[in-house]
Amino acid sequence: MDDRYTLDVNQRSDPPLLAAVATLFSGPGRFVIPEIALQPVRPAARARPRLVCDDGAAPLTVWHVAGEGDAEKNAVRLRIAQAVAADIARLLARARAGAALLEAPGRTPVPLAGGDIAVLVGRHADGDIVRAALAAEGLASVTYGADSVFQSHEAVELERVLLAAATPGNEALLRAALATDFFALDAAALARIAGDGAEWEGWVERFRAYHALARTEGFVRMWRELAAREAIAARLLAQPDGERRMTNVTHLVELLHRMVEEQGLDLAELARAMAHARAGPVRDPDAEQLRLESDEHLVNIVTVHRAKGLEFPVVYCPFLWDGRARAAREHAAVFHARGAGRGACVDLGGPDLERHRRLAAAEELATQLRLAYVALTRARHRCTIAWGRLKDAETSALGWLLHGPGDASGDPLDALASAWQEIDDAALARRMARFAADAAGAVAIEPLPAGGGGGASRAGPAAPPPLAARAFRGSVAPAWRVSSFSGLVARVDVDAHDHDRFGAAAPAGRGSERRDAFGAPRGVRFGTALHRVLEQLDFAGADRARIEAAVTRELAAAALDISWTPVVAGLVADVLDTRLDDAGFTLRALARAQRVDELEFTYAVGETAAGSLARVLAPLRALGSRVPEAIGALVLAPARGFMRGFIDLVFEREGRFYIADYKTNWLGDTLADYAPARLGAAVAAAFYDLQYFVYTVAVHRMLAARLPDYDYERHFGGVYYLFVRGMRPEAGPSAGVHFVRPARALVADLDACLAASERLILADAR
């Protein structure tokens, strides 16, 4: 397709700024490649926003960096970055004084803010220099780009904290963690801690506690405790770029939580996964991309590549002078052939390698010119660049535009090199003066201003204008919340898995002396360990050796006595081999493809009145349920938001889908204590009937979304509550097995009662 279309009206920039850019790029061969030429554009004929500032600056300002021809490039970059930061501080100080305002037709003028200013750079390393210079002036900044948050400084520090929490006995790792900004301990404080045995042991114990918390409650729970106890948020937010840093930490914790949920990683494995993420390429750009904190008042630092399509009232392009030509020095040449056989080519060492390197270098210059055009056209009102006889400037886009031969008929690099030999600071100043004269007042040539130390912004923000409260005539909707079964009945962390927080307590002194399933350890840690064992096992292939290996591993991970391994392994085997119905079905009959372990769900809950819920669930009263009378006391109603949870096991059998929930609750020391009647009472006492309704609605909604012909009667099989201490193959479903299949009408009524105006199903069948 040979058709070409050109936009000849510029909606962005002021007419004088357009004229300055057009002057710089006017003439043949300005983009080196003959097929690319500057297309004339005209400003939009409309009322335009404008920058009102009484400092007399031109639309395009060129800072002449003189006397630096032999200076080291990094030193020059630093000087220019400091000048940029000082100039931005000056502008913002004028804005606070009401002398730099943005006016838009029909709107009240507003002071220029940091978010209205962008510094465009070619490399992220240059952005870091600018960021440091801005910070020295007391100015906060934000990097706009697609960098992975795993490449941030906070990722390095968070990894060190994870390693210390994973192995709290390792002194070197603990010292590295304490040296991070999260703890703000300087060298003197670290030396004092290392020399004080009691204080050092105190830190070790704190990290041992974090380690134990991660083992029993998971990474997120551990991190919340650590962050709160060590006041990490307050410490980071107190720093000049605190919003940026806290945003990165929050983002990293979310990504690490996802890793834990998807891969079941412990702290050591999580630290290794984080190290791989930092060292490797970006795996998920959308998820890992650096997030912007509230950036209305933050100066933007943007790479030129990312700046395409963006616009800002004020733009600085401080490093367009840096050519960094590499193609002519590469071992291989990557270029585009001209003529009939044109196309992308690579020369790895042929007889024409040198000529092809020159072609590649010319294309590299052409790319720099196009990027320079992008950079210089991002500004609406003002743009500032730096130029001088600096190292590598002869191979830059500005070198070609200001001192090139004017056409690209020969070798552009040779032409630039020849011209550069004749240029000193005085000749360069004369050429810039001619450029300014050609632009008819749209360009000003100024010496590089002094940078650093001005601190124009350090006075802090101006006093806010007088405020008056507006009269509120609206209505406040009920608060949104995320809830779960555990949150409803115990008001615990909504993200927690329910691993038997509820149930009868053993009599004092009972259980610990028995070496059987009834006397096995009790509590959340044991429940979590048993759940993890069952989650890992392939039921069909789980022989005694595999079961014992999994049990030993999880008991150790939960800091429980591994001498219980034979007993617990026998308990697990009984769970797999116990008949769950009269037809002889056992969990061991399930293949991996038929089951989803720890299915996480989130579904919408609309505004629901307590009375409506009580009426819907009233039929449960006949079954001995406590739920209808307790509705008003539960957090569930009235509520609006999301219900979240984890189902131990969802499995498919003969075209029907079932829920299974493992319960390690101690109900007594005999099988009679786990008979159906006792189990029904235990379910009602712990509100497990509410739990299985929450789960049933989740699976009901998920199946309705995924099965085109879904029908509750045909596809939903029911709910098993497996009280594992009482399960025995010889007893079958008469001990430890509680089965219920909620009535279709009741599930439908509850679903409708809980439904939001827009149903959202976020079931994740990992």
Side-chain angles (χ1 to χ4, degrees), residues 20-21 23-25 30-32 60-87 118-130 133 301-305 307 315-328 361 364-379 383-404 412-413 415-417 419-436 443-449 451:
V21 174
T23 301
L24 185 61
F25 283 88
R30 306 313 285 158
F31 289 94
V32 174
L60 179 62
T61 297
V62 182
W63 288 340
H64 182 192
V65 187
E68 300 283 357
D70 297 325
E72 200 269 331
K73 286 173 66 174
N74 284 337
V76 176
R77 284 194 189 93
L78 179 58
R79 275 198 59 202
I80 295 174
Q82 290 170 339
V84 168
D87 198 58
V119 183
L120 304 188
V121 297
R123 306 178 307 159
H124 296 299
D126 290 339
D128 293 339
I129 296 173
V130 172
I301 301 174
V302 191
T303 62
V304 178
H305 283 90
V315 171
Y316 292 81
C317 304
F319 305 121
L320 291 181
W321 55 268
D322 189 359
R324 295 195 308 276
R326 293 184 297 269
E364 184 179 37
L365 176 59
T367 298
Q368 288 192 38
L369 285 160
R370 294 193 297 275
L371 289 173
Y373 183 80
V374 169
L376 294 169
T377 55
R378 297 307 94 196
C383 184
T384 299
I385 62 176
W387 180 240
R389 197 179 190 286
L390 307 172
K391 187 175 181 181
D392 290 338
E394 72 275 14
T395 58
S396 69
L398 288 182
W400 175 260
L401 294 171
L402 291 171
H403 307 288
L413 295 181
L416 268 178
W420 201 252
Q421 295 299 321
E422 308 300 325
I423 295 175
D424 55 16
D425 280 333
L428 186 142
R430 289 193 296 271
R431 177 64 188 91
M432 287 193 294
R434 287 197 301 273
F435 165 53
V443 175
I445 310 299
E446 299 178 356
L448 180 71

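Owing to the predicted nature of the structure, the values given are computational and were not obtained by experimental measurement.
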*Asks:* If you look at every heavy atom in Ala375 and Val315, which pair is closest and at what distance?
*Replies:*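 In this case the closest contact between Ala375 and Val315 is O-CG1, 4.2 Å.
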*Asks:* What distance separates Asp425 CG from Met432 CE, expressed to the nearest 0.5 Å?
*Replies:*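 So the CG of Asp425 and the CE of Met432 are separated by 8.5 Å.
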*Asks:* For Leu320 and Ser396, work out which heavy atoms get closest and say how close.
*Replies:*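 Smallest heavy-atom distance, with atoms named: O-CB, 3.5 Å.
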*Asks:* If you take all heavy atoms of Cys383 and Cys317, which pair is closest and at what distance?
*Replies:*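 Looking at all heavy atoms of both residues, the closest pair is SG-SG, 4.0 Å.
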*Asks:* Measuring only between side-chain heavy atoms, which start at C-beta, is Tyr316 closer than 4.5 Å to Val130?
*Replies:*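 No, too far: nothing below the 4.5 Å cut-off.
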*Asks:* What's the shortest heavy-atom distance between Ala372 and Ala397, and which atoms?
*Replies:*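 Taking Ala372 first and Ala397 second, the nearest heavy atoms are CB-CB, 3.8 Å.
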*Asks:* With rounding to the nearest 0.5 Å, note down the distance linking CD1 in Ile129 to CZ in Phe319.
*Replies:*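 These two atoms lie 5.5 Å from each other.
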*Asks:* Show your reasoning for whether side chain to side chain contact (heavy atoms under 4.5 Å, CB included) applies to Trp387 and Leu401.
*Replies:* CA-CA 12 Å; Trp387 180 240; Leu401 294 171; over 6 Å; no
*Asks:* Nearest 0.5 Å please: distance from the OG1 atom of Thr23 over to the CZ atom of Phe435.
*Replies:*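 Separation between the atoms: 6.0 Å.
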*Asks:* Check the pair Trp321, Val65 against side chain to side chain contact (heavy atoms under 4.5 Å, CB included), reporting the backbone distance first and the verdict last.
*Replies:* CA-CA 10 Å; Trp321 55 268; Val65 187; over 6 Å; no
*Asks:* Rounded at 0.5 Å granularity, tell me how far CG in Leu398 sits from CG in Leu376.
*Replies:*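 Taking CG in Leu398 and CG in Leu376, the distance rounds to 7.0 Å.
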*Asks:* Does some side-chain heavy atom of Thr367 sit less than 4.5 Å from a side-chain heavy atom of Arg370?
*Replies:*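 A side-chain contact exists here, since the closest heavy-atom pair is under 4.5 Å.
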*Asks:* Kindly compute the distance separating CG (Leu60) from OG1 (Thr384), expressed to the nearest 0.5 Å.
*Replies:*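 It comes to 7.5 Å.
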*Asks:* Nearest 0.5 Å, please: how far is CG in Asp128 from CD1 in Ile301?
*Replies:*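 Nearest 0.5 Å value for the CD1-CG distance: 8.0 Å.
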*Asks:* Give me the atom names and distance for the closest heavy-atom approach of Ala85 to Ala133.
*Replies:*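 The answer is CB-O, 3.4 Å.
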*Asks:* Locate the shortest heavy-atom distance separating Gly388 from Ala393; write the atom from each residue and the value.
*Replies:*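 Looking at all heavy atoms of both residues, the shortest contact is O-CB, 3.8 Å.
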*Asks:* With side chain to side chain contact (heavy atoms under 4.5 Å, CB included) as the test, would you mind laying out the steps for Val21 and Tyr373 before giving the verdict?
*Replies:* CA-CA 8 Å; Val21 174; Tyr373 183 80; 3.9 Å; yes
*Asks:* Is the shortest distance from a Lys or Arg side-chain nitrogen in Asp322 or Arg123 to a carboxylate oxygen in the other one below 4.0 Å?
*Replies:*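 Looking at Asp322 and Arg123, the cut-off is not met.
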*Asks:* When you look at Lys73 and Leu390, which way does the side chain to side chain contact (heavy atoms under 4.5 Å, CB included) test go after all the steps?
*Replies:* CA-CA 8 Å; Lys73 286 173 66 174; Leu390 307 172; over 6 Å; no
*Asks:* Is there a donor-acceptor pair under 3.5 Å between the side chain of Arg378 and the backbone N or O of Val374?
*Replies:*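 A pair under 3.5 Å: yes.
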